[in-house]
Amino acid sequence: MASLLDRVAIPGRPAFAPTPLLVPAAARQTCALSTDRRARPLPESMGLRIQSSDAKIRLGRLRSSGVVRVSSRRRGAVVCEAQEKTLEVSPVTEANWQSLVLESDKPVLVEFWAPWCGPCKLIHPIVDELAKDYAGKLKCLKVNTDESPNVATQYGIRSIPTVIIFKDGEKKGTIIGAVPKSTLIENIDKYM
């Protein structure tokens, strides 16, 4: 094994070193990957974390590009926290409705939902995908009708899930029920 590590060359680096590893600080331990078998600390990496608390990190094989793949066991995965935060559909309340929806310079898709609603749970992943697909072009927000009943009443929400598309502060389109992604895309594209 040591002879294999002695021969590994990474372009731009004199010899194999554990520095290109992307391991979160919480999982950082010592690593014995050097040929002299001394333990060396892994570098700290900001913005990455292990998704499952019981995940164990193991190193994958070297790729031809010289990058070490990091994977995990037991349903854990290394995920980028920044990506999760930017692609999250933000909640809207009565307090910030005016600034986030009506005064927005982009079209806004608002999902009206409630935590006890089964069909709402079906449409959540679809709205999350739309937020990723239309990032930068469309704001995707959600309103919990139990927490903000006045907003729901103001727009005549009688059934949930209901998706309303706003443009320039005006209500443009309404979709009621858990509909397929294609139906939502057709309605979004009308107002883009």
Side-chain angles (χ1 to χ4, degrees), residues 22-27 45-55 69-72 74-192:
L22 299 175
V23 178
S45 178
M46 303 299 274
L48 297 177
R49 67 174 174 78
I50 297 176
Q51 193 167 14
S52 175
S53 61
D54 64 337
R69 184 184 71 209
V70 178
S71 60
S72 58
R74 293 185 171 185
R75 291 180 269 146
V78 176
V79 294
C80 176
E81 290 178 338
Q83 183 181 21
E84 285 182 349
K85 287 184 170 66
T86 59
L87 300 177
E88 199 172 85
V89 178
S90 301
V92 181
T93 62
E94 293 169 1
N96 60 8
W97 176 263
Q98 180 77 24
S99 62
L100 291 178
V101 178
L102 301 179
E103 296 173 0
S104 176
D105 56 344
K106 299 176 192 170
V108 182
L109 180 140
V110 181
E111 174 195 2
F112 290 85
W113 69 286
W116 47 264
C117 170
C120 296
K121 293 175 185 173
L122 295 173
I123 203 168
H124 280 320
I126 296 170
V127 173
D128 291 341
E129 287 176 23
L130 291 172
K132 292 175 190 174
D133 296 345
Y134 288 91
K137 299 181 229 169
L138 175 77
K139 275 189 189 179
C140 291
L141 305 170
K142 58 185 176 181
V143 176
N144 183 338
T145 57
D146 289 345
E147 293 176 359
S148 301
N150 293 337
V151 174
T153 303
Q154 180 181 355
Y155 290 96
I157 306 300
R158 294 179 171 229
S159 178
I160 53 174
T162 295
V163 175
I164 298 179
I165 300 168
F166 291 86
K167 186 172 183 180
D168 300 323
E170 296 179 18
K171 178 180 167 180
K172 296 293 185 179
T174 303
I175 304 106
I176 299 171
V179 295
K181 185 177 178 180
S182 59
T183 304
L184 291 171
I185 290 173
E186 286 174 21
N187 282 284
I188 292 168
D189 289 342
K190 288 180 192 176
Y191 307 108
M192 292 301 287

Under 3.5 Å, which donor-acceptor pairs link side chains of residues 147-154 to any protein atom two or more places apart or in another chain?
residue, atom, partner, partner atom, Å
T153, OG1, P149, O, 2.9

For residues 99-117, run the donor-acceptor check on the side chains, cut-off 3.5 Å, and write out each pair with its distance to 0.1 Å, sequence neighbours left out.
residue, atom, partner, partner atom, Å
S99, OG, N96, O, 3.3
E103, OE2, Q98, NE2, 3.3
S104, OG, K106, N, 3.2
S104, OG, K106, O, 3.0
E111, OE1, H124, ND1, 3.3
E111, OE2, H124, ND1, 3.1
W116, NE1, D146, OD2, 2.9

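Looking at Y134 and D189, their side chains do bring a donor and an acceptor atom within 3.5 Å of each other.
Legend: residues meeting side chain to side chain donor-acceptor pair (under 3.5 Å) with E186, ordered by chain and number and at least two apart, are absent. By the side-chain contact (heavy atoms from CB on, under 4.5 Å) test, T174 is found to be paired with T162, I164, K171, I176, residues two or more places apart in sequence or in another chain being considered. With sequence neighbours excluded, the residues forming a ring pair (Phe, Tyr, Trp, His ring centres under 6.0 Å) with F166 are W97, Y155, listed by chain and number. The side-chain contact (heavy atoms from CB on, under 4.5 Å) check on S90 picks up L141, with sequence neighbours excluded.
By the 4.5 Å heavy-atom criterion applied to side chains, E129 and L184 are not counted as neighbours. Under the 4.5 Å side-chain criterion, counting only non-hydrogen atoms from C-beta, V179 is not in contact with V163. No side-chain heavy atom of I157 sits less than 4.5 Å from a side-chain heavy atom of V143.
We find the NZ-OH distance between K167 and Y191 to be 10.0 Å, quoted to the nearest 0.5 Å.
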Checklist entry - Does the side-chain contact (heavy atoms from CB on, under 4.5 Å) test come out yes or no for I175 and I165, once each step is laid out? => result CA-CA 9 Å; I175 304 106; I165 300 168; 4.2 Å; yes
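Closest approach of P161 and P119 over heavy atoms only: CD-CB, 3.7 Å.
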